[in-house]
Amino acid sequence: MQDPELQARLLRVAETCRRHNIGQMQIAAAVGASQSQVSRIIGGRGQRLTRLTEEVCLYVERLASGGVTVDAVRQNDQLIESLRETWDGSSAHAHALSAVIRSLAALGAVRGQSPASSEDHS
């Protein structure tokens, strides 16, 4: 059985797609997945949260809100754990880490080559 929080999130994502005319092919191209994988995720047929499910949700949420929300950041365990492992707690280090993260935006141009495209995440 699917996690109730995940189920509610997927329902919101599906509704957001309808409201904002976000197509499955658009999502698939952005996250490096097939249209059928995106359809399965948005349709709530996935049984657990996978990296691909998270990428689809974040992509749709980001498009609808004009950017990544603070809640989305807080809910991303991988990102939070990476920060815990690397940040020394100082403001100088926070500034340096944020500069590194912002520099990664340049990789957006090669987004179609994301790790999601080469792994089965369902």
Path from L58 to V38 over hydrophobic side-chain contacts below 4.5 Å: no
Straight-line distance of H93 NE2 to S98 OG, nearest 0.5 Å: 10.5 Å
Within this structure, what is the CG-CD distance for the pair N76 and E81, rounded to the nearest 0.5 Å? 11.5 Å
Please determine if [X] and [Y] form a salt bridge, counting it only when a charged side-chain N lies under 4.0 Å from a carboxylate O.
X   : Y   : result
R18 : E15 : yes
E61 : R9  : yes
E55 : R62 : no

Looking at [X] and [Y], what are the two nearest heavy atoms and their distance?
X   : Y   : answer
Q26 : N21 : OE1-O, 4.3 Å
R74 : I80 : O-CG1, 3.9 Å
L10 : G44 : CD1-CA, 4.0 Å
W87 : A94 : NE1-N, 3.3 Å
Q35 : A28 : N-CB, 3.8 Å

Do the side chains of S39 and R45 get nearer than 4.5 Å, heavy atoms only? yes
Answer yes or no: is there a side-chain heavy-atom contact under 4.5 Å between V13 and I41? no
Count the heavy atoms belonging to other residues, nucleotides or ligands that lie under 6.0 Å from NE2 of H95, then report whether that count exceeds 12. no
Counting only heavy atoms not in Q78, do more than 12 sit closer than 6.0 Å to its CD atom? no
For a salt bridge (Lys or Arg N to Asp or Glu O under 4.0 Å) check, start with the C-alpha distance between E54 and R51, then their side-chain angles and the critical distance, and finish with the verdict. CA-CA 5 Å; E54 181 67 16; R51 187 167 52 188; over 6 Å; no
Keeping [X] on the side-chain end and [Y] on the backbone end, is there a donor-acceptor pair under 3.5 Å?
X    : Y    : value
Q37  : S34  : yes
T53  : L49  : no
S103 : V100 : yes

Worked check of side-chain contact (heavy atoms from CB on, under 4.5 Å) between I27 and L63: CA-CA 10 Å; I27 298 167; L63 274 183; 6.0 Å; no
